[in-house]
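This report refers to the structure that appears directly beneath it.
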2 protein chains.
Amino acid sequence: MKDNNDMPGHLARRFQQIAVAVFLAEVEDAGFDLTPVQYAALATIKANPGLDQVTLAGLIAYDRTTITGVIDRLVQKGLAERRASSRDRRARELVITDEGRRTLRKITPAVESAQRIMLRGLSAKEGEELMRLLRKAIAAGNDLSRAPLRDIQA
Amino acid sequence: MKDNNDMPGHLARRFQQIAVAVFLAEVEDAGFDLTPVQYAALATIKANPGLDQVTLAGLIAYDRTTITGVIDRLVQKGLAERRASSRDRRARELVITDEGRRTLRKITPAVESAQRIMLRGLSAKEGEELMRLLRKAIAAGNDLSRAPLRDIQA
DNA sequence: CGATATTGATCAGTATGCTGACGATCAGTA
DNA sequence: TACTGATCGTCAGCATACTGATCAATATCG
């Protein structure tokens, strides 16, 4: 039987498990309570004010059904707001609040520290190579998940 | 602001997302209904008959609270059994059933196919390198998650 | 031996993620 | 314009994962 350590799927799960744990620990040390998913959503809302939920989902490769709950929690924490769109009454426009902006700014060092810690076993060169290979594998498999990454179309 | 594609945490999440989707699709095509976690647990039970749940958790780096539900479902599907341990009345000994063995055997091609598909964007050499780097990063971060990998101690 | 600490399994609660479905709305077309 | 199909957001249901707690049983040590 193949060893777990020869299975990319197992290694993927394990690495992600560590990445999430490191992220949460660093963020909590900084005095905040924000998950990796919530952070990514908030940062993307800030960079694309007024975008709708489906577009947000595409930009960070979430399933659109997952977004609902994530936004719920961002709104509940006062970091983002959901507004009715004037152009499309089905859609909700997402905007970051002032507190969301403040939180993002203050949390950034912890987030960057987390990225370093999860690569601490690798040299800088190896870390770069790992990211390159992950990007390449992800690009080839993008459409294999229900929540592919999608650019904003103009 | 840093791009998502420069964040190992984001790449980890995305790669794992694809890995799970590929696994489930291949296994379903083969006519089975088994998640990656259930597969890993079942294979580990087969390789270590009579092990208890905490040991199983350590061997595949699960949280022990997650194991309970996973085993519940394996038992419910008739693939594994939970038996009272004679040596330690707190512990449950896990064993694979004949049907579990049959399922494992028949599902193996699909599992191996899934591992290939999730690396299809990479050359064989790159795939090996990706796995090497993941193993190295994971080893360095093993104790950072609540569910570290643990060997069986004799 | 007995008090204390530890361990195995489970539970409640919360947060991703997925499938499949739904109602409301919009877009394209006959 | 009326019909058809697609899209946006949400929901119910299920399966990982985690935190923190509890109960029963075992280990350890004075």
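Please read all numbers here as calculations on a predicted model, not as lab measurements. So you know, we letter chains A, B, ... as the sequences are listed, proteins then strands, and number each from 1. These numbers come from the heavy atoms of this one structure, side chains and all, not from hydrogens, waters or symmetry mates.
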With a 3.5 Å cut-off and sequence neighbours excluded, list the donor-acceptor pairs that the side chains of residues 14-27 of chain A form with protein atoms.
unit_1: A/Arg14; atom_1: NH1; unit_2: A/Gln17; atom_2: OE1; d: 2.4
unit_1: A/Arg14; atom_1: NH2; unit_2: B/Asn142; atom_2: O; d: 3.3
unit_1: A/Arg14; atom_1: NH2; unit_2: B/Asn142; atom_2: OD1; d: 2.6
unit_1: A/Gln17; atom_1: NE2; unit_2: B/Ala61; atom_2: O; d: 3.0
unit_1: A/Glu26; atom_1: OE1; unit_2: A/Ser113; atom_2: OG; d: 2.7

field: Sidechain N-carboxylate O distance under 4.0 Å for B/Arg83, B/Glu81
entry: yes
- prompt: Just how far, in rounded Å, is P of C/dG8 from CG of B/Leu51?
  reply: 12 Å
- request: Could you tell me the separation between the CG atom of B/Leu144 and the P atom of D/dT19, rounded to a whole number of Å?
  value: 12 Å
field: Atom pair CG/CD of B/Leu79 and B/Glu99 - distance to nearest 0.5 Å
entry: 5.5 Å
- prompt: If you round to the nearest 0.5 Å, how far is CZ of A/Arg82 from OG1 of A/Thr68?
  reply: 6.5 Å
- request: Check the distance between D/dT16's C1' and B/Leu56's CG and give it to me in whole angstrom.
  value: 15 Å
Interatomic distance, B/Lys136 atom NZ to A/Leu119 atom CG [nearest 0.5 angstrom]: 11.5 Å
task: Answer yes when B/Lys125 and B/Glu128 have at least one side-chain N-carboxylate O distance shorter than 4.0 Å, and no when they do not.
output: no
task: Measure from CG on B/Leu34 to P on D/dT16 and round the result to the nearest Å.
output: 9 Å
- prompt: Is A/Glu129 paired with B/Arg132 through a side-chain N to carboxylate O contact shorter than 4.0 Å?
  reply: no
task: Working to the nearest 0.5 Å, report the span between OG1 of A/Thr66 and CD of A/Gln53.
output: 11.5 Å
- request: Using whole Å, report how far CG of A/Asp88 lies from P of C/dG28.
  value: 12 Å
field: Dot-bracket encoding per residue of DNA chain C, Watson-Crick/G-U cut-off under 3.5 Å, | denoting interstrand
entry: ||||||||||||||||||||||||||||||
statement: B/S/- along nucleotides 9-18 of chain C (protein heavy atoms under 4.0 Å) is BBB---SSBB
message: Without decimals, in angstroms, what is the distance between B/Ile71 CD1 and D/dA15 P?
response: 14 Å
